[in-house]
Amino acid sequence: MPVHSQLLSVLLPTYNERENLPLAVYLLTKHLDASAMDYEIIIIDDGSPDGTLEAAEQLQKIYGSKRIVLRPRARKLGLGTAYIHGLHHAKGDFIIIMDADLSHHPKFIAEFIRKQREGDYDVVTGSRYIAGGGVHGWDLRRKIMSRGANFLAQILLQPGVSDLTGSFRLYKREVLQHLVERSLSKGYVFQMEMMVRARQLGYSIAEVPITFVDRVYGESKLGGNEIVSYLKGLLQLFAST
Ligand code: UDP
Ligand code: MG
């Protein structure tokens, strides 16, 4: 298939990202316009009380409804189901999933695309934990949490992927569809389960280094509840694989 006929769908889940979304979308259009691919940006807002959806509507007026697709939900239903919901409406041959809070910089997408083509990979996952990758702006507590979560998962699940808890990834559309159907978790564990299932199902996975920069605006939604459900989910995964 010639490159120019391929469509890329970018799924952007948002919850209270009014301050980040305009810049995230601007940077996405800038970097995607420079790539050879046609694209759509699907914003899945989880009923944010801060006016994120109104900001998204403004962005749609600026960039057009071909580029910006709005698929809001009435309330906060969680990340995992946000991806499923977005995927349902995505028309792309390839899907990028990333955070909307500028922690995932759109400049890396070119590298995801290049890598995918290099070996016709089913999944290309961004990694903070290989040479060239990294984390900026996290305090020691958050760094230890992320490393710890990854370390535990590596030991229990042995997925052969260095960064399990990140979410900046590119998937072939039908592969993501299949993974989503096979995955049981709903919250943050979803990212991890997708990689574990991908390995199980024999899909090819490549990694590219990314740098993750902590959000400047707004707050992380990762709280104590998420940590407990992460541990629960990890053990469930361990038991079911
Ligand atoms: N998010 C969402 N629904 C939720 C929680 C988070 O759409 O219930 C979005 C959030 O707006 C962001 C991404 O998911 O775009 C990652 O969330 P966050 O930045 O809070 O997590 P962290 O980067 O701290 O792990
Ligand atoms: Mg974040």
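Basis for what follows: all heavy atoms, side chains included, without hydrogens, waters or symmetry-related copies. One-based numbering, in listed order, for ligands and for the atoms of each. These figures come from a predicted structure and were not determined experimentally. Position 1 is the first residue of the sequence; numbering continues from there.
- Applying the ring-ring contact (aromatic ring centres under 6.0 Å, His included) test to residues at least two apart or on different chains, the pairs with a partner in residues 115-166 are W138-F212.
- When only interatomic distances are considered, the shortest N/O to N/O separation between S103 and ligand 1 does not fall below 3.5 Å.
- Looking from atom 9 (C) of ligand 1 to the surrounding protein, the closest heavy atom is P13 O, 3.5 Å.
- For the pair R67 and Y39, the cation-pi test (distance below 6.0 Å, angle within 45°) is passed.
- Residue, atom and distance of the protein heavy atom nearest to atom 21 (O) of ligand 1 are Y188 OH, 3.1 Å.
- Residue A100 has at least one N or O atom closer than 3.5 Å to an N or O atom of ligand 1.
- Annotation: protein N, O or S atoms under 2.8 Å of the Mg ion (ligand 2) (waters excluded) comprise D101 OD2.
- Residue E17 holds the heavy atom nearest to atom 11 (O) of ligand 1 of all those in M145, K76, E17.
- Annotation for R169 and L164: closest pair NH2-O, 3.3 Å, computed over non-hydrogen atoms.
- Salt bridge status for E40 with K91: present, with a side-chain N to carboxylate O gap under 4.0 Å.
- Annotation: atom 20 (O) of ligand 1 to nearest protein heavy atom, K221 N, 2.7 Å.
- Using a 4.0 Å cut-off between a side-chain N of Lys or Arg and a carboxylate O of Asp or Glu, K172 and D120 qualify as a salt bridge.
- The atoms of ligand 1 that sit less than 4.0 Å from any heavy atom of R215 are 18 (P), 19 (O), 20 (O).
- A distance-only check finds no donor-acceptor pair linking the side chain of E17 to the backbone of L102 [under 3.5 Å].
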Evaluation steps, salt bridge (charged side-chain N to carboxylate O under 4.0 Å, His left out), between K76 and D46: CA-CA 5 Å; K76 196 167 185 288; D46 251 5; over 6 Å; no
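- Polar contact with ligand 1: absent for E219 (N/O pair, distance under 3.5 Å).
- Every atom of ligand 1 is numbered from 1 in the order shown, and the set under 4.0 Å from a heavy atom of D101 is 19 (O), 23 (O).
- At a cut-off of 3.5 Å, with distance as the only test, no side-chain donor of N16 or T52 sits close to an acceptor on the other residue.
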Walk me through whether K61 and E57 qualify under salt bridge (charged side-chain N to carboxylate O under 4.0 Å, His left out). CA-CA 6 Å; K61 282 189 193 131; E57 284 163 356; over 6 Å; no
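- Nearest non-hydrogen protein atom to atom 22 (P) of ligand 1 is S220 OG, 3.8 Å.
- For ligand 1, the atoms sitting less than 4.0 Å from at least one non-hydrogen atom of D46 are 3 (N), 8 (O), numbered in the order shown with element in parentheses.
- Taking atom 14 (O) of ligand 1 as the reference point, the nearest protein heavy-atom neighbour is L79 CD2, 3.4 Å.
- Using a distance-only test at 3.5 Å, with no hydrogens or angles considered, no donor-acceptor pair links the side chain of D122 to the main chain of Y171.
- The pair D214-K143 does not meet the salt-bridge criterion, since no charged nitrogen lies less than 4.0 angstrom from a carboxylate oxygen.
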Run the numbers on V161 and I205 for side-chain contact (heavy atoms from CB on, under 4.5 Å), then give the verdict. CA-CA 8 Å; V161 178; I205 307 174; 4.1 Å; yes
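- With a 4.0 Å heavy-atom cut-off, ligand 1 is reached by the side chain of R142 but not by its N, CA, C or O.
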